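In what follows, a single structure is set out as structure tokens and then discussed.
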Amino acid sequence: MALLQTERLRISALGLGDADFILRLVNDPDWLRFIGDRGVHDIDSACRYLREGPLAMYDRHGFGLYRVDRRSDGVAIGMCGLLLRPTLPHADIGYALLPEHRGQGYAREAARAVLEYGNTVLGLQPIAAITALDNTRSISLLQQLGLQHRGEIRLGAEDEVLGWFVQA
């Protein structure tokens, strides 16, 4: 069942049946470069990632990362959603698309819908974002969505420095 729909996309909760899709997405070279290795290397670890990540967040907060499908054919193209991290002062938006679906405006379309949902339905204001300092595509998208660069941040003392963006 779709949580959100846009002109071209359907955004819905992830489930354990998405393990194959998750295995492929989180092992994409750009995911590994810009988001990091989540230790998902087989179907069992993909199910663990789903249980401990998105599914746990749905249970705790009523939202999380969602599967993004193309409406025209139902193909899963990526993830987009909201996260609550203990070291950040605001909920933050996250997104990732499989390589063959990038550059077509899907990330922008999904992120706009998720931001609107977060602001109006969930009452989350402002919503923030973090991204690797060299992820120029993500930085550009965040700026197109109206998030403003507010400096740099670390999720933990030993973690890399990330760009910090917040809704105006």
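All values reported here derive from a predicted model rather than from experimental measurement. These values consider heavy atoms only, across backbone and side chains, with no hydrogens, waters or symmetry-generated copies.
- The backbone N or O of Arg8 sits less than 3.5 Å from a side-chain atom of Glu109, completing a donor-acceptor pair.
- Counting heavy atoms from C-beta on, the side chains of Leu4 and Glu116 never come closer than 4.5 Å.
- With rounding to the nearest 0.5 Å, the separation of CG in Leu55 from CZ in Arg60 is 11.0 Å.
- When all heavy atoms are compared, the tightest approach of Leu97 to Gly78 is CD2-CA, 3.8 Å.
- The cluster map of Ile, Leu, Val, Met, Phe, Trp and Tyr, joined by side-chain heavy atoms under 4.5 Å apart, puts Ile130 and Val114 in different clusters.
- Between Leu124 atom CG and Leu84 atom CG the span is 7.0 Å, to the nearest 0.5 Å.
- Of the inter-residue distances, the one linking Leu25 atom CG with Tyr49 atom OH reads 7.5 Å to the nearest 0.5 angstrom.
- Going from atom CD of Gln144 over to atom CZ of Arg112 covers 7.0 Å, rounded to the nearest 0.5 Å.
- A 4.5 Å side-chain heavy-atom check between Arg102 and Asp30 finds at least one atom pair inside the cut-off.
- Side-chain heavy atoms closer than 4.5 Å link hydrophobic residues (I, L, V, M, F, W, Y) into clusters, and following such links, possibly through other members, connects Phe63 to Val121.
- In this structure, Leu133 and Gly163 approach most closely via the heavy-atom pair CD2-N, 3.4 Å.
- For the pair Arg108 and Leu145, the minimum side-chain heavy-atom distance is below 4.5 Å.
- The two residues Arg154 and Asp159 make their nearest non-hydrogen contact at NH1-O, 2.5 Å.
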The test is side-chain contact (heavy atoms from CB on, under 4.5 Å); show your working for Leu142 and Tyr95 and say whether it passes.
CA-CA 11 Å; Leu142 293 171; Tyr95 45 82; 3.4 Å; yes
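- Considering only heavy atoms from C-beta on, His101 stays 4.5 Å or farther from Val68 through its side chain.
- No donor-acceptor distance shorter than 3.5 angstrom exists from the side chain of Arg70 to the backbone of Val75, with no hydrogens or angles considered.
- Shown here is Arg71, whose CZ atom has more than 12 heavy atoms of other residues, nucleotides or ligands within 6.0 Å.
- Trp31 places a side-chain N or O within 3.5 Å of a backbone atom of Gly36 that can act as its donor or acceptor partner.
- Atoms CG and CG, from Asp28 and Leu98 in turn, are 7.0 Å apart once rounded to the nearest 0.5 Å.
- In this structure, the side chains of Leu88 and His90 stay at 4.5 Å or more apart for every pair of heavy atoms.
- Note on Leu155 and Val161: separate hydrophobic clusters, where clusters join Ile, Leu, Val, Met, Phe, Trp and Tyr whose side-chain heavy atoms are under 4.5 Å apart, directly or indirectly.
- Under the 3.5 Å distance criterion, the side-chain polar atoms of Ser45 are matched with a main-chain donor or acceptor of Asp42.
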side-chain contact (heavy atoms from CB on, under 4.5 Å) between Asp134 and Phe34: does it pass, once the steps are laid out?
CA-CA 8 Å; Asp134 62 342; Phe34 294 123; 3.5 Å; yes
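- Proximity of a side-chain donor or acceptor of Asn27 to a complementary backbone N or O of His41 within less than 3.5 Å is not detected.
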Is there a side-chain contact (heavy atoms from CB on, under 4.5 Å) between Leu141 and Thr131? Walk through the geometry before answering.
CA-CA 11 Å; Leu141 175 57; Thr131 191; over 6 Å; no
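- Taking a 6.0 Å sphere around CD of Glu100, one finds it holds more than 12 heavy atoms contributed by other residues, nucleotides or ligands.
- Taken from CG in Asp18 to CG in Leu23, the straight-line distance is 12.0 Å, to the nearest 0.5 Å.
- A heavy-atom distance below 4.5 Å is not found between the side chains of Phe165 and Ser138.
- Summarising the geometry of Ile93 relative to Cys80, their closest heavy-atom pair is CD1-SG, 4.2 Å, with the distance given to 0.1 Å.
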Is there a side-chain contact (heavy atoms from CB on, under 4.5 Å) between Ile22 and Met79 once you walk through the steps?
CA-CA 9 Å; Ile22 291 298; Met79 283 194 309; 3.7 Å; yes
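- Asp37 places a side-chain N or O within donor-acceptor distance of the main-chain N or O of Gly39, the cut-off being under 3.5 Å.
- In this structure a side-chain-to-backbone donor-acceptor pair under 3.5 Å is present from Tyr58 to Leu14.
- Ala132 approaches Ile139 most closely through the heavy-atom pair O-CD1, 4.0 Å.
- Taking each heavy atom of Trp164 and Ala128 in turn, the nearest pair found is CH2-CB, 3.5 Å.
- Met57 is listed as a side-chain neighbour of Leu83, based on a closest heavy-atom distance under 4.5 Å.
- Between Tyr117 and Leu3, some side-chain heavy-atom pair lies under the 4.5 Å cut-off.
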